[in-house]
There are 2 protein chains.
Amino acid sequence: MTEQSLAYGDRMPTIADVAREAGVAPSTVSYVLSGKRAISPGTRARVEAGIARLGYRPNAGARALASASTKIVALVAPLRTDINVPVIMQFVAAIALQCRARDYDVLLVIKDEGPEVLDRIVQGSMADALIVMDVEAHEPRLESLRGSGFPVVLIGVPETPGDFSCVDLDFAAAARVCVERLAELGHRDIALLGPTPAVYERGTSYALRFRDGFEAGAAEAGLRASVHALSPGHHEVEAQVDALLRDEPEVTGLVVHNEAALPALLTALRSRGRDVPERMSIVALCPDDIAEAQSVPLDAVSIPAADVGRRAVELAMGQLAGQLGGQELLPPHLQVRGSAAEPHRVEVTGRP
Amino acid sequence: MTEQSLAYGDRMPTIADVAREAGVAPSTVSYVLSGKRAISPGTRARVEAGIARLGYRPNAGARALASASTKIVALVAPLRTDINVPVIMQFVAAIALQCRARDYDVLLVIKDEGPEVLDRIVQGSMADALIVMDVEAHEPRLESLRGSGFPVVLIGVPETPGDFSCVDLDFAAAARVCVERLAELGHRDIALLGPTPAVYERGTSYALRFRDGFEAGAAEAGLRASVHALSPGHHEVEAQVDALLRDEPEVTGLVVHNEAALPALLTALRSRGRDVPERMSIVALCPDDIAEAQSVPLDAVSIPAADVGRRAVELAMGQLAGQLGGQELLPPHLQVRGSAAEPHRVEVTGRP
DNA sequence: GTACAGTGTCGAAGCGCTTCGACTGTCCCA
DNA sequence: TGGGACAGTCGAAGCGCTTCGACACTGTAC
């Protein structure tokens with residue numbers, strides 16, 4: 001039962017070869033493989049031996065053609081390098097793993113190609129389902145799929161989800177949790193340091209939801225709050241910190257939604273005498289490993305990439321099985337690590 | 001000539017539908033699409049109109065089956081989150097873009113599944129070529145493909161490349177360039193701060209080549225040199241910097257091959273009075289944007305991800321066209337930004 | 001006027017698989 | 001003791017495409 005090593009270029013063995021080898025009909029081999037009909041133990045054994053002996057693997061194209069199912073999930077991912085790269089990667093990893101666990105493969109589609117690409121995939125039957133990451137408030141790309149019945153799962157929530165399944169962290173709730181944490185500690189003036197301006201300009205769904213949640217949470221808690229987009233790069237961050245400290249000196253707590261800027265931000269604050277958490281509190285939205293790797297471990301709501309990815313695949317599979325899924329927002333969890341504390345009201349009390 | 005919007009679930013139009021619509025034979029439609037035979041302008045126009053009217057897109061599975069070519073490149077990528085994530089992403093982006101430009105799609109395969117996965121892809125005819133990122137010195141996964149004639153391109157160079165095509169930055173030369181830069185400036189004691197120990201333990205090809213190049217370059221230039229793996233995390237980096245400064249106080253120049261640790265490293269050095277570049281020179285190996293975003297912009301050899309990715313796809317396409325490619329190592333380019341300077345021999349001259 | 005090379009088009013034969021209906025036994029229960 | 005139910009297997013049709021050889025023309029050259 002040694003598996004023959006096949007040179008590519010030799011004709012690959014087909015189901016007919018296996019059938020001949022095992023002395024059965026091709027359809028029987030197919031049924032052994034799919035389990036869709038009962039097979040006697042003896043026959044099964046002979047077929048499996050034949051498969052092993054020939055090193056047979058079913059041809060994906062033929063299978064797709066005959067069964068009208070590709071066992072492929074198309075994953076639409078943004079491959080900008082400006083944002084969030086590690087988080088994107090975590091999503092991709094989680095989704096790929098989940099797909100493999102269900103015997104699906106992943107076709108990678110780069111976002112920011114036009115809608116024709118998706119049509120090509122869907123109408124060319126290149127995949128059985130579509131998972132779209134990083135959805136923006138408006139996604140013209142997806143319009144042609146609306147109501148088509150083709151299984152689509154969005155990671156993120158567009159303005160009009162329609163009948164698309166959506167999964168995501170509840171960014172609005174996450175922002176509220178961050179704000180509430182600062183409010184409980186006694187902060188009265190806070191600021192949101194968000195992603196680069198480009199992200200807002202694109203209308204990126206999660207960034208907007210986080211911002212809106214921040215503003216709503218602050219309003220409810222009666223806090224003064226402002227929002228700032230944070231450009232990356234050490235000098236930019238320093239300049240923006242200076243501007244913030246100058247223009248809004250009362251701010252004692254920051255909510256940061258910008259992983260890339262965190263190291264620079266912490267350095268800038270310390271060098272300006274605003275040590276964290278004594279003289280500036282920070283609550284961040286970022287992956288756990290990033291929160292922990294900072295010079296001051298950060299209180300943070302983590303982005304549950306693995307959970308979101310898993311759920312996205314589950315929803316896709318559900319749709320393949322005929323269920324329809326709605327919007328799912330995963331609840332945020334704040335991990336306290338010590339970067340937020342009660343404010344020292346130095347500016348107010350006066351201090352030598 | 002309005003393209004009809006198709007509901008998925010409606011039977012998708014086939015080449016036969018288009019043929020009927022245009023009043024020609026299916027094979028004629030096929031030849032219009034492939035351009036493999038001459039077609040009169042009139043017929044072509046009618047066929048194209050029919051295609052547009054029906055919104056026809058060829059079925060990928062059927063096409064693959066009939067033509068024995070999938071128009072898919074399988075990309076084997078590591079999705080660990082411990083290393084190099086942005087760089088990996090740049091490779092993936094570059095490869096995906098290049099593939100699309102050649103009308104190929106990308107099937108994403110996660111590394112660290114067993115060899116059966118690759119066999120499934122190759123023998124199941126799921127892809128026409130394979131690009132493998134992050135290759136290690138020994139890749140048992142690839143053994144079954146050796147000599148098979150299936151187009152394989154490696155990003156990185158294993159110990160025994162055999163007939164696999166390989167592309168990569170010339171990491172050994174890159175290390176030498178870094179060492180030479182420090183040597184020219186007058187440094188005599190240098191250290192390499194490399195990636196996490198796990199990367200060396202895995203036998204990751206590029207890390208080993210960089211290290212070997214570093215040691216060889218230092219030997220040639222007559223420098224004292226040591227090698228240290230750098231664990232990520234702020235505290236680990238601080239501890240390791242302390243150890244270095246204690247155990248090898250004469251070191252005045254660092255070669256850093258560890259993007260993730262750079263912010264922490266710079267912070268640690270400054271807080272220990274070893275400002276860069278005055279009291280410690282640094283030359284790094286990292287992407288340009290990362291080098292520029294540091295608190296001190298770094299002299300760095302960048303990883304030409306886009307070039308490597310492009311070349312990888314070109315080599316894959318070349319193999320599909322019957323050419324065989326060998327190893328290609330791209331020359332390193334050092335970008336000077338001011339993080340390396342002549343050493344102040346403070347420890348030697350004594351200074352108040 | 002016949003031969004001959006194109007040129008443009010068609011029909012049919014697969015590519016390798018799944019799946020449906022049909023067929024042959026067995027077994028069990030009426 | 002006959003018949004239905006069921007397990008196990010087979011053969012053939014067909015999924016939608018590509019591609020090969022054949023065929024009908026149209027010119028052009030002798």
Side-chain angles (χ1 to χ4, degrees), chain A residues 6 9-48 50-51 54-72 103 120 122-126 128, chain B residues 6 8-48 50-51 54-72 120 122-126 128:
Chain A
L6 291 165
D10 301 6
R11 196 176 61 75
M12 312 236 184
T14 70
I15 204 169
D17 297 326
V18 176
R20 208 172 307 120
E21 182 86 12
V24 300
S27 51
T28 302
V29 177
S30 178
Y31 287 123
V32 167
L33 252 24
S34 70
K36 292 193 180 172
R37 285 201 181 174
I39 297 288
S40 68
T43 302
R44 170 181 307 277
R46 264 178 304 134
V47 168
E48 281 168 351
I51 290 176
L54 298 179
Y56 167 74
R57 295 240 179 15
N59 177 298
R63 183 173 265 199
L65 180 57
S67 68
S69 120
T70 58
K71 289 286 189 177
I72 287 183
D103 208 35
R120 198 173 48 89
V122 171
Q123 302 200 10
S125 299
M126 303 189 67
D128 296 341
Chain B
L6 290 164
Y8 164 87
D10 301 6
R11 195 177 61 74
M12 312 237 183
T14 70
I15 203 169
D17 297 325
V18 175
R20 208 172 307 119
E21 182 85 9
V24 300
S27 50
T28 302
V29 178
S30 178
Y31 287 123
V32 168
L33 253 24
S34 69
K36 293 192 179 171
R37 284 201 182 173
I39 297 287
S40 69
T43 304
R44 170 181 306 276
R46 265 179 302 134
V47 168
E48 281 168 351
I51 289 176
L54 299 180
Y56 167 75
R57 296 245 180 10
N59 177 298
R63 183 173 265 200
L65 180 57
S67 67
S69 121
T70 58
K71 289 287 189 176
I72 287 183
R120 197 173 48 89
V122 170
Q123 303 200 9
S125 299
M126 303 188 66
D128 296 341

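Treat the numbers as computed from the prediction; the structure is a model and nothing was measured. Values below: every heavy atom of this structure, side chains too, minus hydrogens, waters and symmetry copies.
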Handout entry: A:Val32 side chain near A:Val29 side chain, heavy-atom distance below 4.5 Å
Key = no
Exercise for the section: Examine C:dT9: is either OP1 or OP2 under 4.0 Å from a nitrogen or oxygen in the side chain of B:Ser40? Give yes or no. Expected result: yes
Practice task
Assign B:Ser30 to base, sugar-phosphate, or nothing according to its heavy-atom contacts below 4.0 angstrom with the strands shown.
Solution key: base
Exercise for the section: Would you mind reporting whether B:Met12 and B:Asn59 have side-chain heavy atoms less than 4.5 Å apart? Expected result: no
Completion exercise
Heavy-atom nearest nucleotide on DNA chain C taken for B:Ala66 and for B:Arg46; more 5' hit belongs to B:Arg46
Fill in the blank from the handout: By nearest-nucleotide position on DNA chain C, the 5'-leaning member of A:Ser34 and B:Val24 is B:Val24
Practice task
Would you mind reading off the distance between A:Met12 atom CE and C:dG16 atom C1', rounded to a whole angstrom?
Solution key: 13 Å
Practice task
Quickly work out the B:Ile15 CD1 to D:dC15 P distance and round it to whole Å.
Solution key: 14 Å
Practice task
Find the distance between CD1 (A:Ile15) and OG1 (A:Thr28) and round it off to the nearest 0.5 Å.
Solution key: 9.0 Å
Exercise for the section: Name the nucleic acid region contacted by B:Ser27, choosing base, sugar-phosphate or nothing; use a 4.0 angstrom heavy-atom cut-off, strictly under. Expected result: base
Problem - Whole angstrom value for the distance that separates P of C:dC10 from CD1 of B:Ile39 - result: 8 Å
Problem - Separation of B:Ile39 CD1 from B:Leu33 CG (nearest 0.5 Å) - result: 10.0 Å
Fill in the blank from the handout: In this structure, OG1 of A:Thr70 is separated from CE of B:Met126 (nearest 0.5 Å) by 8.0 Å
Problem - Main-chain N/O of A:Gly124 paired to B:Arg57 side chain as donor or acceptor, under 3.5 Å - result: no
Exercise for the section: Starting at atom NZ of A:Lys71, determine the distance to atom P of C:dC17, rounded to an integer number of angstrom. Expected result: 16 Å
Exercise for the section: Provide, to the nearest angstrom, the distance between the CZ atom belonging to A:Arg63 and the P atom belonging to D:dC17. Expected result: 21 Å
Problem - Minimum-distance nucleotide (side-chain atoms of A:Arg37 versus C:dC15, C:dC10, D:dT9) - result: D:dT9
Exercise for the section: Rounded off to whole Å, could you give me the OH-to-C1' distance for the B:Tyr31 and C:dC10 pair? Expected result: 10 Å
Problem - Short side-chain N/O contact to D:dC17 OP1/OP2 from B:Ser67, under 4.0 Å - result: no
Handout entry: Contiguous Watson-Crick or G-U pair runs (3 or more, under 3.5 Å) in DNA chain D
Key = C:1-27 with D:4-30
Problem - Spacing of A:Arg20 atom CZ relative to D:dC10 atom C1', expressed in whole Å - result: 16 Å
Exercise for the section: Indicate, with a heavy-atom threshold strictly under 4.0 Å, whether A:Leu65 touches base, sugar-phosphate, or nothing. Expected result: base
Exercise for the section: For B:Arg11 and D:dG14, give me the distance from atom CZ to atom P, rounded to whole Å. Expected result: 14 Å
Handout entry: Donor-acceptor pair present, A:Tyr56 side chain and C:dC17 base, under 3.5 Å
Key = no
Practice task
For C:dT18, take OP1 and OP2 only and decide whether either is under 4.0 Å from a side-chain N or O of A:Lys36.
Solution key: no
